[in-house]
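Worksheet: the structure to be examined is printed underneath.
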Number of protein chains: 2
Amino acid sequence: MFVEVKYKTMLYSSELIKGTLRTIILKLLCDQQKMYGYEITQTVKDLTKGRIQLTEGALYPTLHAMESEGLLTTEVEYIGKRVRKYYSVSKQGKAKAGEKINEFAEFMETMRVLLNLDLGTLKVQ
Amino acid sequence: MFVEVKYKTMLYSSELIKGTLRTIILKLLCDQQKMYGYEITQTVKDLTKGRIQLTEGALYPTLHAMESEGLLTTEVEYIGKRVRKYYSVSKQGKAKAGEKINEFAEFMETMRVLLNLDLGTLKVQ
DNA sequence: AAACATACATAAAACTCTTAGGTATCAAAT
DNA sequence: ATTTGATACCTAAGAGTTTTATGTATGTTT
């Protein structure tokens with residue numbers, strides 16, 4: 001009869017997350033070598049303390065697109081009867097990851113200046 | 001016969017800017033009291049050294065929407081025969097600005113952690 | 001006179017994401 | 001036993017935002 005509240009803070013209104021999905025995927029896959037879709041959603045949820053929750057409707061089509069663009073490669077694995085599709089970054093994907101992450105970092109700095117934010121005082125609990 | 005290069009760095013691939021337009025507008029109008037559309041595009045371009053260039057096709061409809069939502073108020077002025085439409089933030093607009101800027105700051109911090117960025121070493125020239 | 005900058009505006013198309021639905025396996029609780 | 005919840009994949013309609021393209025008009029610079 002009690003509802004467990006996992007995360008104190010709200011989800012971001014999703015408009016901000018737009019345009020960051022590919023960057024997030026590339027970064028995680030560069031760090032972890034190989035991951036499957038569902039694992040990516042859970043990892044992002046954990047790492048962001050629930051603040052960013054990727055929807056499957058956005059994730060899967062994006063993974064498929066990135067594979068067809070040659071950024072990711074796949075290998076299927078069976079866990080009992082259940083299918084798992086692992087994604088890894090290709091050489092191109094690694095290059096792209098570098099670009100994307102760099103671009104995002106610069107974008108953040110530009111926005112920090114534009115919005116006159118003092119990130120030194122910001123603490124995300 | 002020489003082309004003047006105003007800005008060294010590239011524009012951001014625009015996907016990142018998505019979702020930040022309203023925040024930028026509210027922030028600028030809170031600081032400047034009143035601004036007109038074209039002025040907003042130029043100010044953002046200058047403040048970001050050409051990295052963010054708002055398109056008019058995105059800006060004007062957004063300003064209209066924000067006015068109809070009660071976030072902004074307008075007053076028309078004539079410079080010779082040319083029309084200028086000044087926008088100011090309403091009381092609601094000011095509250096919204098606070099929320100939006102805060103949300104963006106938290107989002108940036110979350111992304112910093114997620115992408116493992118070291119912003120201390122980042123210098124935007 | 002032409003080109004460029006100022007200043008507004010709209011509308012079709014493109015792009016990305018949400019919402020909503022579907023299938024199926026496995027574990028835990030009722 | 002069966003329902004619920006978690007795991008795991010997927011697609012498609014609709015919503016929302018932005019780009020691209022276009023239009024109008026005035027003022028300034030070349």
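No hydrogens, no waters, no symmetry mates; every other heavy atom, side chains included, goes into these values. Throughout, protein chains are lettered first and strands after them, A, B, ... in sequence-line order, and every chain is numbered starting at 1.
- Contact between the side-chain N/O atoms of A/Tyr36 and the OP1/OP2 oxygens of D/dA8 is found at a separation under 4.0 Å.
- The separation between A/Asp46 atom CG and D/dT7 atom C1' is 14 Å, rounded to whole Å.
- The nearest whole Å value for the distance from the CG atom in B/Leu63 to the P atom in C/dT10 is 11 Å.
- A donor-acceptor contact shorter than 3.5 Å is absent between the side chain of B/Glu106 and the backbone of B/Glu103.
- Nearest heavy atom pair, residue B/Gly37 against residue B/Leu63, reads CA-CD1, 4.0 Å.
- As rounded to whole Å, 12 Å separates atom P of D/dT19 from atom CG of B/Leu16.
- Picking from C/dC8, D/dA6, D/dC10 the nucleotide with the shortest atom distance to the side chain of A/Tyr38 gives D/dA6.
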What donor-acceptor contacts under 3.5 angstrom involve side-chain atoms of residues 78-86 of chain A, with partners at least two apart or in another chain?
residue, atom, partner, partner atom, Å
A/Arg84, NH1, A/Tyr86, OH, 3.1
A/Arg84, NH2, A/Tyr36, OH, 3.3

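- Look at CZ on A/Arg84: it is 17 Å from P on D/dA6, rounded to the nearest Å.
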Which nucleotides of nucleotides 20-30 of chain D have their base under 4.0 Å from a protein heavy atom (B), which only their sugar-phosphate (S), and which neither (-), written as one string 5' to 3'?
-> B-----BS---
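- Regarding B/Glu75, its CD atom lies at a distance of 16 Å from the P atom of C/dA7, rounded to whole Å.
- Counting only heavy atoms from C-beta on, A/Thr62 has its side chain closest to C/dC17 among D/dA6, C/dC17, D/dT11.
- For the atom pair B/Leu72 CG and B/Thr62 OG1, the distance stands at 10.5 Å (nearest 0.5 Å).
- A/Leu54 places its CG atom 16 Å from the C1' atom of C/dT19, with the value rounded to the nearest Å.
- In this structure, the nucleotide among C/dT10, D/dT11, D/dC9 sitting nearest to the side chain of B/Tyr60 is C/dT10.
- Close to D/dC10, at under 4.0 Å from its OP1 or OP2, lies a side-chain N or O of A/Lys85.
- For the residue pair A/Glu39 and A/Lys34, the shortest heavy atom distance occurs at OE1-O, 4.2 Å.
- Here the side chain of A/Ser90 pairs a donor or acceptor atom with the backbone of A/Leu71 at under 3.5 angstrom.
- Across the protein-nucleic acid pair, A/Arg22 atom CZ and C/dC15 atom C1' stand 11 Å apart, rounded to whole Å.
- The CG-C1' distance, from A/Leu59 to D/dA12, rounds to 17 Å in whole Å.
- B/Val44 and B/Thr48 make their closest contact through O-OG1, 2.7 Å (heavy atoms, listed as atom of the first residue, atom of the second, distance).
- Look at A/His64 and you won't find any side-chain N or O under 4.0 angstrom from OP1 or OP2 of D/dC9.
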